[in-house]
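This chain uses plain numbering: 1 for the first residue, then up along the sequence.
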Amino acid sequence: IIQFVPNITDGISKLISGKLTVFWELTEADLLTIREGKDVRYTGAPYGSGENEVIIFNLADPFVDAPSDPATFPHPILADLRVRQAIELAIDKQTLAQVQLSGSVRPGTSLLPVGPFACALPASEFSISKANELLDQAGWKTGPDGIRTKGSLRLSLKIATTSGDAVRLQVERALMEMLQEIGVELVIENIPADDLFGSWESNAIRKHGQFDLLLYTTGPGTDPASYIFNNFHSSRIPSVDNGGVGSNYARYRNADVDTWIEAATQSTDASQRKTLYCQITAQIQRDLPRLLLYERQSLSGYHTSLQNF
């Protein structure tokens, strides 16, 4: 029997009471409730599309509307690779996965974590001391309140995700505490999904580059051609010139990556394409236009009366 429920809370309640045997589409936030329930368990597997929860860094000035080249209008803080590297070094992804997300996810390491074009990359390092060294080298000095400054500029960044999402708010608060350890102030300013994921015509902040950091889930699918092209080719930076087309919201530009993407798109040789995609993935990881937090899973709850699920 298939039963439709009005919301996740109702579905979990019915699962725990035995009125449902299986309930799909759980989120990481639901697992604590499932664990506390009697005779219920959960199971999970990585999404087949290789979805990662990511932080998008805006490399361009957020006060300039949709610049096509961040070199012309650089972000006053995030244009410096050392700052982006320091942020990643200061994030304890393992603790985030184990403590904040109940061990239900694994830290993100690659843009292409699964599938025929999967590219394995080493996990990023967690080191507060190295993060501080990078910020020192970049000229950021610790102020009396613990937040770094550089001249008149304060090392303060705003992060946005979809409002009303309990898991992401929990993650943001954990990130805020972690980054404070290296003198970075993270300010949470979440917004409705329509304002975040809306169109160019609706002036959505993602399309127009009016943000510092964004937090959401994205993945390449089975064949990464469209995903890699739309997210990382310089022609896919949404701008007035291209009518807001593309998903390169970091406004990332790398001529070599453009060339490799074009070659992979045109090739019909699967082995050559995989080599190129792994080359692209490794270079993007070095350039760090986005930060991989953790791999998402497809989670389901079930009653223990169901065997071999």
So with a 6.0 Å cut-off around CD of Gln180, is the heavy-atom count from everything else above 12? no
Would you mind reporting whether Leu175 and Leu293 have side-chain heavy atoms less than 4.5 Å apart? yes
Do you know which two heavy atoms are closest between Phe211 and Ile205, and how far apart they sit? CD2-O, 3.5 Å
Can you label the angle between the Tyr249 ring and the Tyr216 ring as parallel, tilted or perpendicular, going by 30° and 60°? perpendicular
Taking the side chain as every heavy atom from C-beta outward, state whether Phe23 and Val40 have any pair of such atoms under 4.5 Å apart. no
Can you find a heavy atom in the side chain of Leu111 that is under 4.5 Å from one in the side chain of Tyr227? yes
Quick check: do Trp260 and Gln283 have side-chain heavy atoms less than 4.5 Å from each other? yes
Do the side chains of Arg148 and Asp136 get close enough for a salt bridge, i.e. N-O under 4.0 angstrom? yes
Just wondering, do Ser156 and Val187 contact through their side chains at under 4.5 Å, heavy atoms? yes
Is the shortest side-chain heavy-atom distance between Asp223 and Arg273 below 4.5 Å? yes
Between Asn231 and Arg290, do the side chains contain a donor N or O and an acceptor N or O under 3.5 Å apart? yes
Is a side-chain donor-acceptor pair under 3.5 Å present for His303 with Asp39? no
Does NZ belonging to Lys14 count more than 12 external heavy atoms closer than 6.0 Å? yes
side-chain contact (heavy atoms from CB on, under 4.5 Å) between Ile284 and Asn254, worked out: CA-CA 9 Å; Ile284 289 170; Asn254 183 308; over 6 Å; no
Backbone N or O of Phe57 within a donor-acceptor pair of the Arg251 side chain at under 3.5 Å? no
Please find the pair of heavy atoms, one from Leu15 and one from Leu20, that lie closest to each other, and give the distance. CD1-O, 3.5 Å
I'd like to know if the side chain of His233 pairs up with that of Asn248 as donor and acceptor (distance under 3.5 Å, no hydrogens or angles considered). no
Under 4.5 Å between any side-chain heavy atoms of Leu135 and Val83, yes or no? yes
More than 12 heavy atoms of other groups within 6.0 Å of Lys150 NZ: yes
Check whether any side-chain heavy atom of Ile16 lies under 4.5 Å from a side-chain heavy atom of Lys38, and answer yes or no. no
Applying disulfide bond (SG atoms under 2.5 Å apart), which residue pairs with at least one partner in residues 113-196 are found, sequence neighbours left out? Cys119-Cys278
Ion pair check, Lys207 and Glu201, cut-off under 4.0 Å: no
Report the C-alpha distance between Asn58 and Lys158 in whole Å, list the side-chain angles of each, state the deciding distance to 0.1 Å, and finish with yes or no for side-chain contact (heavy atoms from CB on, under 4.5 Å). CA-CA 11 Å; Asn58 187 359; Lys158 297 176 181 178; over 6 Å; no
Show your reasoning for whether side-chain contact (heavy atoms from CB on, under 4.5 Å) applies to Trp140 and Ile77. CA-CA 10 Å; Trp140 291 94; Ile77 296 173; 3.9 Å; yes
